[in-house]
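Take a look at the structure below.
Just so it is clear: chains get the letters A, B, ... in the order the sequence lines come, proteins before strands, and each one is counted from 1.
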2 protein chains.
Amino acid sequence: MEVKEISQATLKRLPVYFTYLKSLSPQGPVHISATAIAAALDMGEVQVRKDLAAVSKAGRPKVGYVVSDLIRELAAFLGYNDVADAVIVGAGKLGRALLDYKGFSEYGLNIVAGFDIKESLEGETQGGKAIFGLPRFGDLCRRLNIRIGIITVPAESAQSVCDLMVENGIMAILNFAPVHLRVPEGILLQNENIAASLAALSNRLLERMNKEESRNEKIEPPFSEA
Amino acid sequence: MEVKEISQATLKRLPVYFTYLKSLSPQGPVHISATAIAAALDMGEVQVRKDLAAVSKAGRPKVGYVVSDLIRELAAFLGYNDVADAVIVGAGKLGRALLDYKGFSEYGLNIVAGFDIKESLEGETQGGKAIFGLPRFGDLCRRLNIRIGIITVPAESAQSVCDLMVENGIMAILNFAPVHLRVPEGILLQNENIAASLAALSNRLLERMNKEESRNEKIEPPFSEA
DNA sequence: TGAAATTCGATAAAATTTTATCGATAAATT
DNA sequence: AATTTATCGATAAAATTTTATCGAATTTCA
């Protein structure tokens with residue numbers, strides 16, 4: 001076995017490098033160093049180098065990496081080349097926004113269709129993606145061999161939608177509902193709680209503001225005991 | 001200083017406990033143990049206990065924690081009690097979905113208004129949230145003392161929107177555009193790349209399928225050399 | 001051609017995070 | 001009342017992740 005374990009943390013950063021490298025002008029320099037990437041992305045250069053070592057062998061001292069090669073290697077490694085199909089259950093505002101989002105193709109993803117329990121939503125989105133009633137879910141997934149499901153229903157119905165997905169061969173689930181879903185062993189689950197992310201940000205902000213306040217107090221006590 | 005350092009990792013898990021505890025029926029048991037929470041959330045019980053220790057001192061052996069107390073303590077710690085205002089720039093589908101999303105209030109967040117460069121979008125969302133033209137951004141943020149900004153514009157304009165936010169007193173930014181934004185020191189930035197998240201999931205799935213495939217090959221080689 | 005400047009890749013050290021262990025405590029049971 | 005059981009909180013060990021260090025490679029410049 002010469003398969004090196006690639007860390008979860010690295011895996012999360014690779015798409016960042018990919019996006020950054022893609023944003024560089026094709027007219028720009030052919031090479032780029034880990035040092036330069038690190039500077040642009042506000043990271044440590046050693047970390048960048050280590051991360052890139054996981055996907056590329058082509059770094060040359062003093063020169064760096066060939067940008068286009070790196071992009072290619074990252075895309076290959078991350079599976080952005082072979083297209084994977086996915087479906088969305090929950091055609092509310094978020095669901096429809098994702099259905100019509102164009103950016104997925106950059107990452108080798110193709111949202112096939114949406115489903116919703118509300119019959120009034122059946123039809124298609126502004127962008128032309130089909131929305132079906134939930135009864136057709138199983139049939140369509142099985143026929144097209146869909147393996148990836150996105151849940152954008154309210155918390156109350158998320159677990160039953162999740163179960164439905166699992167029953168119909170979905171192997172990986174991206175869940176936007178703010179609940180912890182129970183899945184059988186072997187099913188991949190990733191949670192994406194937007195409200196919680198935002199709250200965490202707000203939280204960090206508050207903390208920082210408190211810290212600075214108390215620091216100011218220390219420097220200039222209103223009525224010190226001296 | 002008796003301020004214990006609270007780890008970044010713990011901070012990310014606290015909202016999960018909060019959401020789970022809130023989902024429990026008020027008619028249910030008064031107490032809950034770290035063991036039970038861990039089982040429900042598929043985590044290690046020691047980790048749960050350690051995380052909870054950061055916000056609560058009230059765990060009793062053999063009994064556990066008082067559910068309602070825990071919820072209260074978590075909410076207080078995470079700042080869900082005092083409401084923070086936020087604005088969104090980019091009133092496309094995602095932006096409008098977030099504007100109308102009801103779930104933020106659970107987390108002490110209030111989305112005040114949306115902004116967009118496209119005049120045709122001015123007016124209000126289905127849910128009744130106002131959408132203004134970008135020129136009014138600075139004025140409104142300063143008058144209402146907004147500190148949190150959400151970016152849902154395309155990658156190309158994200159940096160300039162980010163700059164605009166910083167100029168007008170925004171201290172924390174949640175960025176949905178797939179670009180790395182440069183912010184001055186002291187500004188909090190959190191990136192949320194939905195496409196990349198999904199791709200990561202798809203990636204893990206592929207990897208697992210490959211692994212299983214190769215395992216099967218090992219167990220039953222098509223034409224072994226034996 | 002030789003010296004200086006960059007940068008890589010690898011290894012080692014430091015920091016962080018997760019997991020295990022164990023005595024103490026409180027309730028339930030005998 | 002004593003014993004058993006479940007659970008906490010703390011401490012220690014293990015694992016993971018980040019950061020630092022350093023020799024070797026490669027280009028640039030004198």
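- The side chain to side chain donor-acceptor pair (under 3.5 Å) contacts involving residues 30-41 of chain A comprise A:Thr35-A:Glu45, where partners must be two or more places apart or lie in separate chains.
- Whole-Å rounding puts the A:Lys50 NZ to C:dA14 C1' distance at 13 Å.
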For nucleotides 25-30 of chain D, print each protein N/O atom paired with a nucleotide N/O atom at under 3.5 Å, atom names and distance only.
| unit_1 | atom_1 | unit_2 | atom_2 | d |
| --- | --- | --- | --- | --- |
| D:dT27 | OP1 | A:Arg60 | NH2 | 2.1 |

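- Each of A:Val46 and A:Ser7 lies near DNA chain D, and the nucleotide nearest A:Ser7 is the one positioned closer to the 5' end.
- Contact annotation for B:Gly44: no contact, since no heavy-atom pair falls under 4.0 Å across all strands.
- Distances from the side chain of B:Gln47 to the nucleotides C:dC8, C:dT18, D:dC8 place C:dT18 closest.
- The distance from the CG atom of B:Leu181 to the CE atom of B:Met165 is 9.5 Å, given to the nearest 0.5 Å.
- Residue-level contact check: B:Gly64 touches the backbone only, with heavy atoms under 4.0 Å from sugar-phosphate atoms and none from bases.
- Between A:Phe18 and A:Tyr107, the ring planes are tilted. Angles from 30° to 60° get that label.
- Nearest to the side-chain atoms of A:Ala9 among the listed nucleotides D:dG9, C:dT19, D:dT18 stands D:dT18.
- Of all non-hydrogen atoms in B:Arg96 and B:Ala91, the two that sit nearest each other are NH1-O, 2.8 Å.
- With respect to the salt-bridge test (charged N to carboxylate O, under 4.0 angstrom), the residues A:Lys57 and A:Glu73 do not qualify.
- Applying the side-chain hydrogen bond (donor to acceptor under 3.5 Å, both in side chains) rule to A:Arg142 yields the partners A:Asn168; only residues at least two apart in sequence or on another chain are considered.
- The side chain of A:Gln8 lies closest to D:dT17, out of C:dT18, D:dT17, D:dC8.
- Atom pair B:Arg49:CZ and C:dC22:C1' shows a separation of 12 Å (rounding to whole Å applied).
- Residue B:Ile32 contributes atom CD1, which lies 13 Å from atom C1' of D:dT7 at whole-angstrom precision.
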